[in-house]
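The analysis underlying the following values was restricted to heavy atoms, covering all of them including side chains, and did not include hydrogens, waters or symmetry mates.
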Amino acid sequence: MGAADKWLLPLVSVSFVSLLLFLSALSGFSASSSLFARLPPPSYVRRGAAAPPSFAYLLAGGRGDGRKLLRLLLAVYHPRNRYLLHLSADAPASERAELAAAVARAAPAVRAFGNVDVVGRSTAGTPMGSSGLAGTLRAAAAMLRLDAEWDWFVTLNAADYPLLTQDDLIHVFSSVPRHLNFIDHTSDIGWKESQRVQPIIVDAGIYLAGRNQFFQATEKRDTPDGSPWVILNRRFIEYCVFGWENLPRTLLMYFTNVMLPLEGYFHSVACNSDFRNFTVNNDLRYMVWDDPPQMEPHFLNVTHYDELVGSGVPFARKFKENEPLLDKIDDKILRRWRHRPVPGAWCTGRKRWFSDPCSQWSNVNIVRPGPQAEKFRKYINQILEESKSSNNSCKQ
């Protein structure tokens, strides 16, 4: 078994619809007869530098987050992209199987294009410790093996939601250099240094089932910090996973005992390697924080709508399940009907209350950007100009 194979997670592919439906039936779940309707053949997906970009999404959540992950998947789904859904080890196997079956039922395109998988044997989901970083790296390795040609790796949580369509995102990123990484980081971490970086901990989730607390040592050590939410280019992910130099492995050993390693690992690898000049100091997320920031941002509600729409960024967090703001985003921005994917240029069916326009499709290589695309284009042009003027964002 090669080094890359050791990283590959056992996956529950939603293409195994028959088996999952059988399991669902045993569990008391039923499926619509539309599952067995004849589907149009998958359209040819163009890849490469001359084609529109594609994204590999890691959608992660914990016990009880199955419905939130399904909604998030439908909000960011596009046949050009790749998706891996991860419910942490504290979620029961029944919830994981139910999620895989629900994904297969939710969108005919998922079954036709076979671009969505659910992790079958999950890592722990402890809020603090190295299990989160291990799960992200294993998921990235799986993505590399599942699809050879995506351009950017995007991490989203069950509490996240998009603020634009995938047509908007693909359209704007078509003009973004594909060697860039989007990582919010700083070398001046202030109060976080003594509370999040210097303490030495052992993640109990690595050794015990479920999401458990960590063990903290009395010693501290000398010490980067940033956002755990990243958009990383494929070449950088390959560097972190395959580690053809010692740096990724050396830093991985250091961050194994850091309280919040996802806030520093990718940032440290990028800023201490040849990727340092291709890093944009921005995670492209809308969040509302206390001052000084606490462990997590505020939950968003309808009072934040105007500000988040005007922000121009593609993603926002945190949202509670069934938050009315999500319905408003679906209605006003994504034009998404409940339990259906966001309609894009690839959808050719009629939009009716009883008919999903994305149950029929044609060319998946064209996009139809909407109003949010222009806001995002202006925003990303601004941060790219700021990145150029700073020469090396890792010095900030």
**Asked** Are the side chain of Asn365 and the backbone of Tyr44 linked by a donor-acceptor contact shorter than 3.5 Å?
**Response** yes
**Prompt:** With side chains defined as the heavy atoms from C-beta onward, is the minimum distance between Pro357 and Trp337 less than 4.5 Å?
**Reply:** no
**Request:** Tell me, with the steps shown, if Val269 and Phe236 meet side chain to side chain contact (heavy atoms under 4.5 Å, CB included).
**Result:** CA-CA 9 Å; Val269 174; Phe236 179 69; 3.7 Å; yes
**Asked** Does Leu164 offer a backbone N or O that forms a donor-acceptor pair with the side chain of Asp168 under 3.5 Å?
**Response** no
**Message:** Do Tyr305 and Phe299 sit in one hydrophobic cluster, given that two such residues count as connected whenever their side-chain heavy atoms are within less than 4.5 Å of each other, even indirectly?
**Reply:** no
**Item:** Residue list, salt bridge (Lys or Arg N to Asp or Glu O under 4.0 Å) with Arg71, at least two apart or on another chain
**Value:** Asp327, Asp330
**Message:** Does Asn301, at its CG atom, have more than 12 non-hydrogen atoms belonging to other residues, nucleotides or ligands within less than 6.0 Å?
**Reply:** yes
**Request:** Starting at CD of Glu238, measure out to CG of Leu232 and round the result to the nearest 0.5 Å.
**Result:** 12.5 Å
**Item:** Listed partners of Asn81 passing side-chain hydrogen bond (donor to acceptor under 3.5 Å, both in side chains), at least two apart
**Value:** Tyr83, Gln166
**Message:** Contact between Trp346 and Ser362 at the side-chain level, heavy atoms closer than 4.5 Å - yes or no?
**Reply:** no
**Prompt:** Can you list the residues that meet the side chain to side chain contact (heavy atoms under 4.5 Å, CB included) rule with Ser174, with sequence neighbours excluded?
**Reply:** Pro52, Pro53, Ile170
**Prompt:** Backbone N or O of Leu384 within a donor-acceptor pair of the Ser387 side chain at under 3.5 Å?
**Reply:** no
**Asked** Are any side-chain N or O atoms of Arg234 and backbone N or O atoms of Phe153, one a donor and one an acceptor, separated by less than 3.5 Å?
**Response** no
**Fill in**
Lys375 meets the side chain to side chain contact (heavy atoms under 4.5 Å, CB included) criterion, sequence neighbours left out, with Val309, Gln372
**Prompt:** Is any side-chain heavy atom of Leu72 closer than 4.5 Å to a side-chain heavy atom of Pro162?
**Reply:** yes
**Asked** Going by distance alone, is a donor N or O of one side chain under 3.5 Å from an acceptor N or O of the other, for Asp184 and Asn282?
**Response** no
**Asked** Less than 4.5 Å apart, any side-chain heavy atom of His298 and any of Lys318?
**Response** no
**Prompt:** From Leu59 CG over to Asp160 CG, what is the distance, rounded to the nearest 0.5 angstrom?
**Reply:** 9.0 Å
**Interatomic spacing from CG in Leu163 to CZ in Arg285 - rounded to 0.5 Å** = 10.5 Å
**Complete:** Residues at least two apart in sequence or cross-chain that pass salt bridge (Lys or Arg N to Asp or Glu O under 4.0 Å) with Glu95, listed by chain then number, are none
**Asked** Linking I/L/V/M/F/W/Y whenever their side-chain heavy atoms sit closer than 4.5 Å, directly or via other members, would Val302 and Tyr286 fall into one cluster?
**Response** yes
**Message:** So, using salt bridge (Lys or Arg N to Asp or Glu O under 4.0 Å) as the criterion, who are the partners of Arg350 when residues are at least two apart?
**Reply:** none
**Asked** Does Asp65 reach the main-chain N or O of Lys68 with its side chain, forming a donor-acceptor pair under 3.5 Å?
**Response** no
**Asked** Mind checking whether Val110 and Pro79 have side chains closer than 4.5 Å, heavy atoms only?
**Response** no
**Message:** Between Leu85 and Val103, is the side chain to side chain contact (heavy atoms under 4.5 Å, CB included) condition met? List the steps.
**Reply:** CA-CA 10 Å; Leu85 279 62; Val103 169; 4.0 Å; yes
**Request:** Using only heavy-atom distances, determine whether the side chains of Ser122 and Arg96 contain a donor-acceptor pair under 3.5 Å.
**Result:** yes
**Message:** Using 30° and 60° as the class boundaries, would you call the ring planes of Phe113 and Trp361 parallel, tilted or perpendicular?
**Reply:** tilted
**Complete:** In short, His179 meets Phe278 closest at the heavy-atom pair CD2-CD2, 3.0 Å
**Item:** Test side-chain hydrogen bond (donor to acceptor under 3.5 Å, both in side chains) applied to Arg249 - qualifying residues, sequence neighbours left out
**Value:** Asn246
**Request:** Dump the intermediate steps for side chain to side chain contact (heavy atoms under 4.5 Å, CB included) on Leu69 and Leu99, then the final yes or no.
**Result:** CA-CA 8 Å; Leu69 285 182; Leu99 173 61; 4.3 Å; yes
**Message:** So, taking the atom named CZ in Arg67 and the one named CD in Glu98, what distance separates them when rounded to the nearest 0.5 Å?
**Reply:** 8.0 Å
**Asked** Taking it one step at a time, do Asp283 and Val230 satisfy side chain to side chain contact (heavy atoms under 4.5 Å, CB included)?
**Response** CA-CA 6 Å; Asp283 61 8; Val230 294; over 6 Å; no
**Request:** Mind running salt bridge (charged side-chain N to carboxylate O under 4.0 Å, His left out) on Asp117 and Arg82 for me, showing each step along the way?
**Result:** CA-CA 9 Å; Asp117 293 277; Arg82 191 86 208 184; 2.7 Å; yes
**Prompt:** With no hydrogens and no angle check, is any side-chain donor or acceptor of Tyr265 less than 3.5 Å from a backbone partner on Pro248?
**Reply:** yes
**Item:** Over all atoms of both residues, closest heavy-atom pair of Leu334 and Pro343
**Value:** O-CD, 4.1 Å
**Message:** Can you list everything that forms a side-chain hydrogen bond (donor to acceptor under 3.5 Å, both in side chains) with Ser54? Sequence neighbours excluded, please.
**Reply:** none
**Prompt:** Are Pro341 and Arg336 side-chain neighbours, meaning at least one heavy-atom pair lies under 4.5 Å?
**Reply:** no
**Request:** Could you list the residues that satisfy side-chain hydrogen bond (donor to acceptor under 3.5 Å, both in side chains) with His339, not counting sequence neighbours?
**Result:** none
**Prompt:** Got a sec, which residues hit side chain to side chain contact (heavy atoms under 4.5 Å, CB included) with Arg377, two or more places apart in sequence or on another chain?
**Reply:** Val172, Glu374, Asn381
**Prompt:** Is the side chain of Trp229 donor-acceptor paired with the backbone N or O of Leu284 at a distance under 3.5 Å, no angle test?
**Reply:** no
**Sidechain-backbone polar pair: Asp167 side chain, Val367 backbone, donor-acceptor under 3.5 Å** = no
**Request:** Kindly work out whether a path of hydrophobic side-chain contacts (I/L/V/M/F/W/Y, heavy atoms less than 4.5 Å apart) joins Tyr254 to Leu252.
**Result:** yes
**Asked** For the atom pair CG (Leu133) and CD (Glu263), what is the distance rounded to the nearest 0.5 Å?
**Response** 12.0 Å
**Request:** Decide yes or no for Asn272 and Leu247: does some side-chain heavy atom of the first lie under 4.5 Å from some side-chain heavy atom of the second?
**Result:** yes
**Complete:** For Phe319, the side chain to side chain contact (heavy atoms under 4.5 Å, CB included) test, sequence neighbours excluded, returns Tyr161, Leu300, Ala316, Glu323, Leu325, Leu326, Ile329
**Request:** Could you tell me which residues satisfy salt bridge (Lys or Arg N to Asp or Glu O under 4.0 Å) with Asp151, sequence neighbours excluded, listed by chain and number?
**Result:** Arg178
**Asked** Counting distance only, does the side-chain N/O of Arg80 pair as donor-acceptor with the main-chain N or O of Arg46 below 3.5 Å?
**Response** yes
**Prompt:** For the atom pair CG (Asn281) and CD1 (Ile383), what is the distance rounded to the nearest 0.5 Å?
**Reply:** 9.5 Å
**Request:** Compare all side-chain heavy atoms of Leu73 with those of Val116 and state whether any distance is below 4.5 angstrom.
**Result:** yes
**Phe55 and its ring-ring contact (aromatic ring centres under 6.0 Å, His included) partner, picked from Phe173, Tyr77, Phe182** = Phe173
**Message:** Tell me whether the rings of Tyr239 and Phe275 are parallel (<30°), tilted (30 to 60°) or perpendicular (>60°).
**Reply:** tilted
